Trainee: 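Here it is, the structure in full.
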Amino acid sequence: MSRLDSMLRRLTAQRDGLNWAVARTAGMAGDVLDMGLGNGRTYDHLRTAVSDRRIWVMDRVLQCHPSCVPPEKDFLQGEAEDTLVHLAETGARIALAHYDFGCGIKAEDMAEAARLSPLIARLMAPGGMIVSGQPLVGFAAVQGPEHIAPARYYFYTA
Ligand SMILES: C[S@@+](CC[C@H](N)C(=O)[O-])C[C@H]1O[C@@H](n2cnc3c(N)ncnc32)[C@H](O)[C@@H]1O
């Protein structure tokens, strides 16, 4: 499979997985957390799909498309280890989290996801959903949309 095909499949899984999790968490109390603002594509999708929840966004740098800059009060800039701890200390509870941190080097991205998992767990509302581009540890895996191949995207409940 070409890298273009692979990227298209990953982005399709990301979008469909987010839509699936938005529907699954409807009516549940809590905020949304997008980990990895990047260009702002998933943040833009989430703010379109979820209009009734606060959407927290994290990244070490603000480098998104100008149309996708989050409100200052909702953007937590810094290293994830620090911003996840800070968010937990605010008392925020997350009904829907999207994990999209990473640099594209699989081994490094998996190690980072494993290291951050306990910090994410502290934030989650009971029964909240985590949609992730990397495998996380310590959460219960759930079957996401059936057309998404295993390990293309990951789905968990807290
Ligand atoms: C794949 S991009 C996110 C793409 C974004 N979701 C989008 O749709 O445009 C990953 C982002 O995670 C950030 N990142 C990776 N590791 C991080 C860490 N440990 N702490 C904070 N930000 C991190 C990078 O700066 C980068 O912008």
Side-chain angles (χ1 to χ4, degrees), residues 1-25 30-51 53-90 92 94-124 128-139 144-145 148-149 151-156 158:
M1 187 194 311
S2 73
R3 288 185 61 211
L4 177 60
D5 285 333
S6 173
M7 183 179 188
L8 286 170
R9 287 187 187 194
R10 196 183 78 81
L11 292 179
T12 301
Q14 184 180 63
R15 180 203 57 200
D16 293 353
L18 288 173
N19 288 344
W20 174 86
V22 165
R24 224 182 122 135
T25 52
D31 298 338
V32 172
L33 171 62
D34 192 25
M35 291 172 269
L37 173 64
N39 186 272
R41 291 187 196 95
T42 54
Y43 169 63
D44 188 43
H45 192 77
L46 284 167
R47 71 182 174 178
T48 303
V50 184
S51 55
R53 297 183 193 272
R54 185 169 188 175
I55 304 178
W56 301 91
V57 198
M58 295 180 175
D59 208 298
R60 56 166 65 106
V61 284
L62 180 59
Q63 59 184 0
C64 61
H65 187 275
S67 66
C68 298
V69 178
E72 204 173 317
K73 67 180 176 46
D74 299 332
F75 180 55
L76 303 176
Q77 183 166 359
E79 287 304 308
E81 280 86 350
D82 301 327
T83 53
L84 287 166
V85 169
H86 171 77
L87 186 54
E89 287 171 355
T90 69
I94 305 301
L96 169 57
H98 175 227
Y99 184 97
D100 199 20
F101 286 139
C103 64
I105 301 172
K106 192 65 186 166
E108 290 181 19
D109 289 348
M110 286 178 64
E112 179 174 56
R115 195 172 69 245
L116 296 176
S117 290
L119 300 178
I120 298 166
R122 284 179 59 194
L123 282 165
M124 297 303 299
M129 299 289 314
I130 307 126
V131 177
S132 179
Q134 303 294 336
L136 302 177
V137 297
F139 296 104
I148 298 179
R152 183 162 297 143
Y153 232 76
Y154 300 87
F155 301 89
Y156 302 98

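Read the numbers this way: they start at 1 and go in the same order the structure lists the ligands and their atoms. Note that the structure is a prediction, hence the values are computed from the model and not measured.
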Trainee: What I'd like to find out is whether the side chain of R9 reaches to under 4.5 Å of the side chain of I148, using heavy atoms alone.
Mentor: no
Trainee: Any N/O of A80 closer than 3.5 Å to an N/O of ligand 1?
Mentor: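 The answer is yes, given that A80 and ligand 1 share an N or O pair closer than 3.5 Å.
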Trainee: Examine ligand 1 and decide if any of its atoms is less than 4.0 Å from a heavy atom belonging to M35.
Mentor: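 M35 does not count as a contact of ligand 1 under the 4.0 Å cut-off.
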Trainee: What is the nearest protein non-hydrogen atom to atom 22 (N) of ligand 1, stated with its residue, atom name and distance?
Mentor: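 Ranked first by proximity to atom 22 (N) of ligand 1 is R60 N, 3.1 Å.
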Trainee: So do the side chains of C103 and D109 get within less than 4.5 Å of each other, counting heavy atoms only?
Mentor: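 Yes - at least one pair of side-chain heavy atoms lies under 4.5 Å apart.
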Trainee: Does ligand 1 come near enough to V61 that some N or O of the ligand is less than 3.5 Å from an N or O of the residue?
Mentor: no
Trainee: Classify the contact between H98 and ligand 1 as side chain, backbone, both or neither, using a heavy-atom distance cut-off of under 4.0 Å.
Mentor: neither
Trainee: Under a 4.5 Å cut-off applied to non-hydrogen side-chain atoms, are P135 and Y156 in contact?
Mentor: yes
Trainee: Could you tabulate the donor-acceptor pairs under 3.5 Å formed by side-chain atoms of residues 68-80, not counting sequence neighbours?
Mentor:
from: D74; atom 1: OD1; to: R54; atom 2: NE; distance (Å): 2.6
from: D74; atom 1: OD1; to: R54; atom 2: NH2; distance (Å): 2.9
from: Q77; atom 1: NE2; to: R60; atom 2: O; distance (Å): 3.3
from: E79; atom 1: OE1; to: R60; atom 2: NH2; distance (Å): 3.0
from: E79; atom 1: OE2; to: R60; atom 2: NE; distance (Å): 2.7

Trainee: Closer than 4.0 Å to some heavy atom of E79 - which atoms of ligand 1 meet that?
Mentor: 18 (C), 19 (N), 20 (N)
Trainee: Please list, in number order, the atoms of ligand 1 under 4.0 Å from a heavy atom of N39.
Mentor: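 Close to N39: 9 (O).
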Trainee: If you measure every N/O of D34 against every N/O of ligand 1, is any gap under 3.5 Å?
Mentor: no
Trainee: Parallel, tilted or perpendicular: which one describes the rings of F155 and W20, with boundaries at 30° and 60°?
Mentor: perpendicular
Trainee: Test of understanding: given a 4.0 Å heavy-atom threshold, classify the contact between E112 and ligand 1 as side chain, backbone, both, or neither.
Mentor: side chain
Trainee: Could you point out which residue of D100, N19, T42 forms a side-chain hydrogen bond (donor to acceptor under 3.5 Å, both in side chains) with Q14?
Mentor: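 Of D100, N19, T42, side-chain hydrogen bond (donor to acceptor under 3.5 Å, both in side chains) with Q14 is met by D100 alone.
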Trainee: Who's the nearest protein heavy-atom neighbour of atom 15 (C) of ligand 1, and how far?
Mentor: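 Residue, atom and distance for the closest contact: G102 N, 3.4 Å.
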Trainee: Could you list the atoms of ligand 1 found under 4.0 angstrom from a heavy atom of G78?
Mentor: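 Within the 4.0 Å cut-off of G78, ligand 1 contributes 20 (N), 21 (C).
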Trainee: For atom 4 (C) of ligand 1, find the nearest protein heavy atom and state the residue, atom name and distance (0.1 Å precision).
Mentor: D100 OD2, 3.3 Å
Trainee: Which protein heavy atom lies closest to atom 27 (O) of ligand 1, and at what distance to 0.1 Å?
Mentor: D59 OD2, 2.7 Å
Trainee: Do S117 and F139 have side chains that get closer than 4.5 Å, going by heavy atoms?
Mentor: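 Yes. Closest side-chain heavy atoms under 4.5 Å.
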Trainee: For atom 8 (O) of ligand 1, what's the nearest protein heavy atom and its distance?
Mentor: T42 N, 3.0 Å
Trainee: So which of I120, L33, I130 actually passes side chain to side chain contact (heavy atoms under 4.5 Å, CB included) with I94?
Mentor: L33
Trainee: Closest non-hydrogen protein atom to atom 23 (C) of ligand 1, residue and atom name please, with distance?
Mentor: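 The protein heavy atom lying closest is F101 CD2, 3.4 Å.
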Trainee: Would you say the side-chain atoms of D34 and H98 include a donor-acceptor pair closer than 3.5 Å?
Mentor: yes
Trainee: I want to check something: taking the side chain as every heavy atom from C-beta on, are R41 and L11 in contact at a cut-off of under 4.5 Å?
Mentor: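 Not touching, per the 4.5 Å side-chain cut-off.
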Trainee: Does any N or O atom in G36 lie less than 3.5 angstrom from one in ligand 1, N or O only?
Mentor: yes
Trainee: Please state whether G133 comes within less than 4.0 angstrom of ligand 1, counting heavy atoms only.
Mentor: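 The answer is no, since G133 has no heavy atom less than 4.0 Å from ligand 1.
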Trainee: For a 4.5 angstrom cut-off between non-hydrogen side-chain atoms, does H86 reach D82?
Mentor: no
Trainee: Taking heavy atoms and a distance under 4.0 Å, where does L116 meet ligand 1: side chain, backbone, both or neither?
Mentor: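 Neither; no heavy atom under 4.0 Å.
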